[in-house]
Amino acid sequence: MVNFLYGLKYNLMSILKNIIKTLLSSFGILFIIMFVLVYSSFRTSVQTFISDNLFGKLDINEIKILPKNARADNIFTPGSSQGASISAGQVKSVRAMKDFTETFSITQLEYSVTIKGEMMGRSMETFVPVFGADPAYFKGKDKFWNRFQNRMPVPVYAPNFTLKYINNFLNIKGLPQMKADQFRNFPLEFKIETTPQTHPDRKKYKLDAVFLSFTEAFPFTGAIVPNSFIADFCALHAKDTGKYKKGYVYVMMFARVKDTKELPRIVAELEKLGLKIESQKDIADKTNRALKIFDYFSASILSVFFLITVISIFNSYLTIVYNRSNKISLRRILGVSKLRIITGFLFESAAVGLLYGIIGYYLANKLLFEIAKNIKELIPVLADVAINPVTTEVMFMALGLSMAVSMVSALLPAIFASNINLFKAVRK
Amino acid sequence: MAVILKAENIFLKFGKRAILENVNFEVDEGSIVVITGKSGTGKTTLLGIISGLLRPQKGKMFFRGKNILWWGDFRKSHFRNKSIGFIFQFFNLLPDFTSYQNIVYPCTLSPFRRVKKNDLDKLVEYLNIGKIIHDYPETLSGGERQRVAIARAIINNPPLVLADEPTGNLDDESADDIISLFKSLKDDDKKTLIIVTHDSRIIKLADRHYHLKDAVLSEITRKVKFDKTGEIAPAVKTVKKKTSASAKVVKKPGTSDKKKKTKVKTPVRKK
């Protein structure tokens with residue numbers, strides 16, 4: 001044990017003795033580690049942002065049922081506006097399936113709707129698509145779900161990213177930013193026109209509404225009201241144009257599956273009904289597809305970086321081996337085995353790799369902190385991405401990678417060192 | 001006396017150039033064997049083979065009856081650490097270590113071995129290096145460095161000491177000190193020494209003298225003188241001497257008369 005420590009001391013002494021050379025030789029590792037950590041953190045943050053804000057969230061046992069011809073990737077466009085909707089018969093068939101614990105349908109009002117609100121003394125009115133959802137769908141997903149009932153004033157949910165658009169708008173107008181809580185119970189007014197603008201007897205209804213909350217549960221751009229409100233309103237005004245019009249369509253359904261193992265069969269059955277299915281996996285796939293190009297690009301940069309670093313460390317270690325050939329030979333002559341020479345070098349390179357890993361981790365975290373602080377100015381399009389700090393797992397992975405890069409680069413020179421021409425070297 | 005080292009038909013060439021051809025010799029335990037030869041003839045290479053650092057293309061090298069050329073790197077390393085002490089012309093002390101650290105370094109290569117303080121004190125006293133034990137090599141004189149190197153060579157109490165031109169870089173006084181140390185290593189500690197040298201003072205001590213020329217190792221049985229290149233001066237007459245008990249060379253059958261006239265024993269070639 002004493003001699004093991006002595007050996008360790010020898011290795012540390014040789015590192016310290018050549019610290020400048022050794023550190024300079026492996027400088028590239030620092031950039032690799034920083035790049036990997038910043039990229040990994042940035043990627044996770046962007047991925048979370050995309051899946052949370054654009055594709056919406058699904059629980060593990062939830063599936064999203066869409067019309068077959070819906071453009072699934074066009075997340076801002078609900079099915080009906082593309083001429084895609086789920087028929088009442090299809091809704092009925094889905095509800096009749098015994099594989100689900102619950103089913104929820106999403107409807108869209110087919111009438112022209114404007115929403116009006118007064119903010120900071122200014123009145124704003126804009127056209128808005130109106131969707132209907134079942135209150136039970138929000139149970140467990142939003143704390144205000146039990147207030148989402150068909151009553152007056154009409155309770156309204158809005159998708160989470162609306163807040164960001166509103167704040168962008170306020171920013172442009174030079175008004176202060178607002179938080180989600182500040183919008184709670186905000187009075188609104190719906191103006192619903194049940195007849196076309198060209199109709200001789202135009203009918204426009206004003207309805208009081210109240211803002212409830214922003215929600216992550218829906219990825220739609222529009223206001224979300226209770227399904228029963230839409231159904232009642234449409235039933236009441238079905239004959240405003242003179243002939244019957246249902247007034248709403250089913251654009252989507254959510255269903256909670258009893259047994260997720262049965263998912264492939266359920267999906268097949270739903271597809272037979274002429275529907276399109278998305279599960280959590282699909283959402284993850286979509287997010288990953290969106291990030292794939294980014295990944296390829298980064299991976300190619302990283303691999304060039306990696307190659308240059310490995311070659312540079314390799315060359316530096318060859319020089320180090322040459323410079324130390326006398327000492328190495330002497331140690332070999334005195335009874336040090338080849339393996340010990342190799343492990344000595346690997347230990348040294350691992351220590352340097354670890355050191356750079358730690359420095360890289362520190363610098364990457366600093367950099368991420370700065371990026372997070374200034375992201376609005378640096379990359380306006382990602383202004384709303386919450387940059388996560390590097391996780392412990394990623395940190396350990398980065399340290400491992402750093403050590404591995406260093407050790408792989410030093411391996412061949414270490415083997416050369418162990419096979420050095422001993423007598424030639426000691427005669428120098 | 002028992003044979004500690006025996007070489008059989010050692011053959012080594014680098015590229016097309018033969019360095020050693022059919023080298024055969026035996027070394028008795030507790031004897032001093034000197035190897036001479038011109039620079040670049042392969043004397044150090046032969047030491048490399050004896051210690052297992054180099055592997056010849058053909059031949060066997062027995063240490064106490066075991067062929068070391070068959071061993072793997074671990075066993076060879078252990079053998080070099082425990083059974084061989086090395087002394088070099090340029091001392092080859094580790095510059096980052098003090099004399100003490102240099103001396104005990106071979107002991108530290110075994111994971112569980114500790115240096116016994118008494119043994120070290122005796123060795124330090126024996127070599128008279130007490131005053132410089134904590135000094136770094138760069139502050140020592142040539143003679144002091146060589147004494148530290150000898151201490152390092154024998155700290156593990158190896159039976160065989162290999163020395164490559166040990167007095168080649170020393171002044172006469174220091175060389176005399178070292179030579180007397182070699183003598184006492186042989187007489188008092190019963191060590192076997194194989195010394196590559198041209199120093200006539202060491203040759204005088206030798207129980208046996210080999211000369212390496214044109215890849216062939218021959219035994220010199222009489223007093224010789226060397227020219228500046230390290231080659232035997234041609235004018236000196238040598239007289240054939242009977243093989244001593246401590247050093248035997250197996251004579252090749254059918255050695256030619258012409259070779260006998262050179263007064264240098266012909267190389268041993270086994271076919």
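Computation of the quantities below employed the complete heavy-atom set of this structure, encompassing side-chain atoms and omitting hydrogens, waters and symmetry-equivalent molecules.
Using a 4.5 Å heavy-atom threshold, the side chains of A/S337 and B/H78 count as separate.
Atoms CG and CZ, from A/N326 and B/F90 in turn, are 11.0 Å apart once rounded to the nearest 0.5 Å. Atom CD1 of A/I333 sits about 11.5 Å away from atom OG of B/S77, to the nearest 0.5 Å.
When heavy atoms are compared at a cutoff of 4.5 Å, B/I84 does not approach chain A at all.
Residues A/G335 and B/R80 share a closest heavy-atom pair of CA-CB, 4.3 Å. For the residue pair A/L330 and B/N92, the shortest heavy atom distance occurs at CD2-O, 2.6 Å. Shortest non-hydrogen contact noted between B/N81 and A/L334 is ND2-O, 3.0 Å.
Just one residue in the list A/R332, A/K338, A/R340 forms a side chain to side chain donor-acceptor pair (under 3.5 Å) with B/D73, and that residue is A/R332.
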